[in-house]
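First comes the structure, then the notes that go with it.
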Protein chains: 4
Amino acid sequence: MIQVGIIGGAGYTAGELIRLLLNHSEAEINFVFSTSNAGNKVSKVHQDLIGSTNLVFSSEINPNVDVLFLCLGHGNSKAFLEKHQFSNRTRIIDLSNDFRLEADKTIQNKTFVYGLPELQKEAIVNANYVANPGCFATAIQLALLPLAKANLIKEDLHVNAVTGSTGAGTSLSETTHFTWRDNNFSYYKPFTHQHLGEINQSIKQLQNSFESEINFMPNRGNFSRGIFVTAYTKFEGSQDDVKSLYQSYYKDAEFTFVSDEQIHLKQVVNTNKCLIHLHKHNNKLLITSIIDNLLKGASGQAIQNMNLMFGFPETEGLQLKANFF
Amino acid sequence: MIQVGIIGGAGYTAGELIRLLLNHSEAEINFVFSTSNAGNKVSKVHQDLIGSTNLVFSSEINPNVDVLFLCLGHGNSKAFLEKHQFSNRTRIIDLSNDFRLEADKTIQNKTFVYGLPELQKEAIVNANYVANPGCFATAIQLALLPLAKANLIKEDLHVNAVTGSTGAGTSLSETTHFTWRDNNFSYYKPFTHQHLGEINQSIKQLQNSFESEINFMPNRGNFSRGIFVTAYTKFEGSQDDVKSLYQSYYKDAEFTFVSDEQIHLKQVVNTNKCLIHLHKHNNKLLITSIIDNLLKGASGQAIQNMNLMFGFPETEGLQLKANFF
Amino acid sequence: MIQVGIIGGAGYTAGELIRLLLNHSEAEINFVFSTSNAGNKVSKVHQDLIGSTNLVFSSEINPNVDVLFLCLGHGNSKAFLEKHQFSNRTRIIDLSNDFRLEADKTIQNKTFVYGLPELQKEAIVNANYVANPGCFATAIQLALLPLAKANLIKEDLHVNAVTGSTGAGTSLSETTHFTWRDNNFSYYKPFTHQHLGEINQSIKQLQNSFESEINFMPNRGNFSRGIFVTAYTKFEGSQDDVKSLYQSYYKDAEFTFVSDEQIHLKQVVNTNKCLIHLHKHNNKLLITSIIDNLLKGASGQAIQNMNLMFGFPETEGLQLKANFF
Amino acid sequence: MIQVGIIGGAGYTAGELIRLLLNHSEAEINFVFSTSNAGNKVSKVHQDLIGSTNLVFSSEINPNVDVLFLCLGHGNSKAFLEKHQFSNRTRIIDLSNDFRLEADKTIQNKTFVYGLPELQKEAIVNANYVANPGCFATAIQLALLPLAKANLIKEDLHVNAVTGSTGAGTSLSETTHFTWRDNNFSYYKPFTHQHLGEINQSIKQLQNSFESEINFMPNRGNFSRGIFVTAYTKFEGSQDDVKSLYQSYYKDAEFTFVSDEQIHLKQVVNTNKCLIHLHKHNNKLLITSIIDNLLKGASGQAIQNMNLMFGFPETEGLQLKANFF
């Protein structure tokens with residue numbers, strides 16, 4: 001059993017990690033660090049865990065754990081690693097956007113590998129430090145990587161995505177107030193969402209010729225979990241060709257599947273899956289992609305990366321019962 | 001056109017008052033006072049009003065308006081009136097619970113009348129100062145008043161009520177966070193909700209012999225608007241008798257109606273109505289009652305009271321299109 | 001008081017018409033025709049109307065009413081008018097898509113005018129027969145008409161829109177089942193929605209040179225009312241220029257307003273308004289547009305058209321209190 | 001690996017059974033019988049299972065499976081067993097209400113045991129035929145059994161419960177239409193819900209002296225999953241006493257826990273848990289109880305019963321990650 005430490009234990013992604021790790025046969029939670037909750041039962045914050053664990057939030061950090069998950073706000077992972085030392089054998093998986101881009105990937109003597117298994121499983125297997133992808137970034141990349149791999153993105157992309165409220169974290173704001181968000185719909189950061197950086201980087205990694213523009217419209221949906229993406233572009237090939245392309249690209253993927261039927265968000269909620277559907281209309285290819293933003297879009301993928309880094313079966317702890325309803 | 005002032009203009013109840021007054025043929029908004037928003041357009045906070053009004057929040061209070069609505073947090077109305085003077089002819093309608101109980105009804109030389117038209121319309125017509133009832137209190141009293149009037153409440157009452165999130169006001173808290181409340185259900189303040197005081201007071205006013213206990217369980221629903229009440233008690237009479245009793249009691253009520261069919265919350269959302277349904281089962285009488293907590297439970301009833309105090313038709317400005325869906 | 005007849009009285013749009021007409025000072029409901037509900041109280045189907053009306057569904061049609069609203073399923077209006085005769089002075093407003101396109105606009109000796117006031121108010125004023133626009137079509141056209149009028153649509157348009165469940169009508173289906181739709185998100189009819197016909201027709205009417213493609217992705221949201229549209233295209237001009245253009249185009253519009261701030265759906269729910277927001281990013285112009293699909297997208301606009309056809313104030317009966325929460 | 005057969009495979013409870021069994025280490029799905037879907041992939045109906053299974057609905061029934069789950073409408077299990085024969089060693093778990101009451105428990109030579117582990121684990125361990133409890137019945141019994149066991153229910157009980165839409169099954173009806181149910185609240189079957197029979201039977205089984213009335217108000221909530229119960233009665237003992245009583249009663253329960261803090265529904269959604277909270281106010285004891293209606297209230301408890309009947313660990317396949325958000 002490897003020993004796991006979690007930093008920033010009171011947030012949504014830490015909660016999901018704890019839920020997953022409690023059922024993981026190869027890993028054990030060594031500590032959950034939270035300054036604001038030190039001494040409290042973990043189940044006081046993550047209240048579904050009553051009856052499942054007696055873990056208590058810790059004010060101490062064990063620098064010798066086998067793997068450390070950083071569940072901190074963007075910018076804070078870097079600051080944290082500058083202040084705290086860990087053993088050389090401690091692997092680190094960071095859920096923030098601090099180390100995802102090539103320009104940011106190194107801190108001290110640590111170099112982070114971008115942790116999208118469908119992009120570069122081998123690199124993750126060999127990594128000591130992994131930058132876990134963003135939630136929108138995961139859903140959008142999984143919609144586009146097979147095309148990029150085949151050098152087929154030649155025209156601008158038009159991407160619309162809707163996220164649940166958990167994407168905004170635990171903080172309270174006007175747009176996370178129930179009265180505001182209930183039965184509401186809105187958009188934010190049109191064309192400028194911060195995940196565009198990692199999306200472009202990965203596509204370029206697979207398709208060196210890529211020079212198209214990704215027009216990305218993020219939206220706030222009135223649901224808690226999940227990301228729903230539609231992406232389309234001008235495209236020459238047939239629907240059958242593109243379907244073969246995607247099925248081939250994802251043939252060994254443990255969690256990403258191509259659906260013959262149209263998809264809807266709740267097919268993946270509370271799972272680590274990504275479902276993709278392909279539809280050709282005239283000269284356009286429409287790709288739909290769905291994930292649970294907290295699982296495949298965050299903590300589930302982090303565990304998937306941990307499994308790869310430690311040589312565990314990739315699906316260990318991640319064969320989750322969907323909520324579906 | 002009477003001149004209206006509103007204090008505490010950024011909250012939900014003030015927003016509803018403004019929405020109603022903009023369509024009222026006999027009243028005109030003179031000022032909307034808000035310290036935090038002074039100088040801003042009212043439509044910057046109450047954003048549905050874009051295109052409907054160019055009103056600006058004021059930092060000044062006009063002490064000579066015809067009627068003043070206090071939309072302040074509980075306890076703050078009293079403090080406000082101790083600090084500010086108004087003309088003798090300025091009528092005041094307070095939406096807090098500061099002046100609802102007999103023991104609290106007087107401040108300086110002002111005596112507040114409890115503003116539930118179905119209880120005491122004449123008193124309101126003659127009042128200069130009105131304490132607007134609480135939202136739960138309105139829904140529950142309207143379910144019980146006809147029984148009390150007939151001296152028929154002889155056994156304990158069992159009342160369960162569910163409120164929408166607007167009942168908790170604009171403040172952000174764990175239980176108003178969308179992620180928490182979406183698809184959730186919970187209860188609070190069992191048997192001790194502060195509205196029990198005014199409910200008991202009104203029932204006692206109609207039925208001097210009343211000595212039963214009101215067991216009141218308030219709940220938080222995952223919707224924005226509305227209160228749904230079920231109340232039952234042991235009861236001797238027939239369903240037909242009790243139906244006649246209620247129809248007779250409410251025969252002149254402009255907004256309270258007895259439904260022959262079972263009722264559901266959305267029948268009254270965005271209206272000033274109360275619907276009541278009666279059901280006798282063996283020795284139990286079940287009374288269901290529904291209102292919109294912000295209208296009949298707050299601002300709609302406040303305008304109804306204003307109409308009565310100024311001799312306007314009771315329904316003026318309150319014939320609202322239901323949202324229904 | 002003009003006399004109004006409604007055909008297809010049990011559906012959502014008929015319900016909204018009835019709600020609006022009950023508060024209309026110049027119109028009176030003469031009959032509400034419904035074969036399936038004949039003899040029943042209207043408030044038995046449109047249950048928020050308990051206490052508001054004693055109207056009964058009729059099995060008879062009065063052919064001499066001043067105005068007739070057809071609230072029938074698509075294809076059924078044509079069939080209905082082929083079977084039933086009305087007086088020459090009976091004006092007809094059809095809410096289906098049977099007569100919206102130039103190719104379809106004439107039946108017998110009746111020629112229907114496309115009823116979008118922001119496109120052609122004069123034509124409506126003079127019309128005896130009006131084809132009321134589709135809901136998506138209204139929201140999207142209001143987002144695009146000012147550009148078209150200025151001959152400025154030169155590149156392809158990318159339109160994403162989300163509709164509430166009322167858009168699908170009263171019929172029960174998998175995608176309107178609460179268990180399926182609650183907290184879900186999905187799309188349908190990509191690039192091929194039937195409203196594209198009327199949208200293209202209106203744009204072409206204003207901008208003869210229009211040859212661009214409208215890429216339209218419709219989505220099903222997990223809310224009841226409303227349509228949220230984002231539309232973008234490559235665009236040369238400045239944000240200020242385009243804002244002036246829109247403000248100028250809509251300066252006399254009674255219900256369509258340009259918002260300086262980003263908009264969210266609930267600003268217009270239960271109103272006849274359309275709010276539009278403009279945002280320029282690099283070489284793209286993003287236009288956001290929101291309406292209530294049942295009001296500005298159906299019955300509200302139908303009443304607006306009736307007001308224009310009969311010379312009533314355009315806003316009569318349509319100054320509605322928003323639901324907002 | 002025991003072989004499992006499922007009858008009525010297209011419904012919600014069958015879907016949940018399949019989800020659970022796919023991750024169960026001791027059981028294997030032998031067939032999923034569905035007349036309406038025979039030949040189709042299971043993942044065509046239970047669409048979250050894309051990528052998880054290639055199972056196909058069967059039109060054949062294997063009479064030699066180790067265990068058979070009946071997921072049929074109430075009344076249909078009896079009819080089914082009258083028509084179909086199974087091997088003597090085939091154990092049967094019925095999810096309908098056909099065999100829950102003493103008067104109904106025998107069919108042919110099969111006698112069904114009421115399958116609430118917290119009531120009678122030993123009887124289930126030794127049973128060949130189990131009648132799985134109702135969803136409301138489970139939540140309410142778990143709230144009351146410890147009191148009954150101690151012979152402490154001496155006064156009438158007042159029980160209010162809210163259920164999600166999955167409780168109504170897959171059938172389409174007015175009250176399961178999204179447009180109707182979204183942001184709505186309603187009640188049904190006041191004082192007469194069919195689960196009262198099994199609840200009274202179990203309480204009487206533990207407390208022979210029980211003669212009180214259970215006043216049960218069921219409600220429809222606007223959420224998909226879960227049951228929230230409040231139950232109160234006059235009670236002499238202290239809060240500490242009653243808490244000890246409940247903790248003692250549930251000390252060996254694998255899924256039922258007493259929470260020191262107030263509880264809210266989403267703590268148990270998508271788990272097999274029941275959480276209970278106790279609150280004493282004056283002479284009243286308030287018990288709150290929450291379950292997921294499809295898991296502890298149906299399919300999860302069915303698997304729990306299977307585990308007990310076959311000597312598997314009681315929690316096998318049931319350590320589920322909560323949805324929580």
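It should be emphasised that the depicted structure is a prediction, and the values quoted were computed from it without experimental measurement. Within every chain, numbering begins at 1; the chains are lettered A, B, ... in the order of the sequence lines, protein sequences first and strands thereafter.
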Inter-residue atom distance B/S186.OG - D/L265.CG, 0.5 Å rounding
9.0 Å
D/Q239 CD: over 12 foreign heavy atoms closer than 6.0 Å
yes
Just verifying a value: how many Å separate D/R225 CZ and B/N183 CG, rounded to the nearest 0.5 Å?
10.5 Å
Got a sec: does the CD of D/E236 have more than 12 other heavy atoms crowding it under 6.0 Å?
no
B/K266 side chain vs D/D182 backbone, donor-acceptor pair below 3.5 Å
yes
Interatomic distance, CZ@B/F178 vs CZ@D/F325, rounded to 0.5 Å, equals 13.5 Å
Selection from D/N219, D/N222, D/T179 maximising heavy-atom pairs under 4.5 Å formed with chain B
D/N222
Given heavy-atom pairs under 4.5 angstrom as the criterion, report whether the side chain, backbone, both or neither of D/T175 touches chain B.
neither
Any chance you could measure B/Y232, atom OH, to D/N160, atom CG, to the nearest 0.5 Å?
8.0 Å
Applying the side-chain contact (heavy atoms from CB on, under 4.5 Å) criterion to D/F185, which one of B/T163, B/I227, B/I290, B/V162 satisfies it?
B/V162
To check you understand the geometry: which heavy-atom pair defines the closest contact between D/Y187 and B/H277, and what is its length?
OH-CD2, 3.2 Å
Calculate, to the nearest 0.5 Å, the distance between atoms CZ and CG belonging to D/F223 and B/N184 respectively.
8.5 Å
For D/D156, is it the side chain, the backbone, both or neither that has a heavy atom under 4.5 Å from a heavy atom of chain B?
side chain
In terms of heavy-atom pairs under 4.5 Å with chain B, which of D/T288, D/N215, D/N282 leads?
D/N215
Euclidean distance, B/H264 NE2 relative to D/R220 CZ, rounded to 0.5 Å:
9.5 Å
Mind checking whether B/F191 and D/H281 have parallel, tilted or perpendicular rings, split at 30° and 60°?
parallel
Would you call D/E213 and B/K234 a salt bridge, taking side-chain N to carboxylate O under 4.0 Å as the test?
no
Bottom line for D/F228: the part with an atom under 4.5 Å from chain B's heavy atoms is side chain
Heavy-atom cut-off 4.5 Å, strictly under: side chain, backbone, both or neither for B/H177 against chain D?
neither
Between B/Q267, B/M217, B/H279, which shows the greatest number of heavy-atom pairs under 4.5 Å with chain D?
B/M217
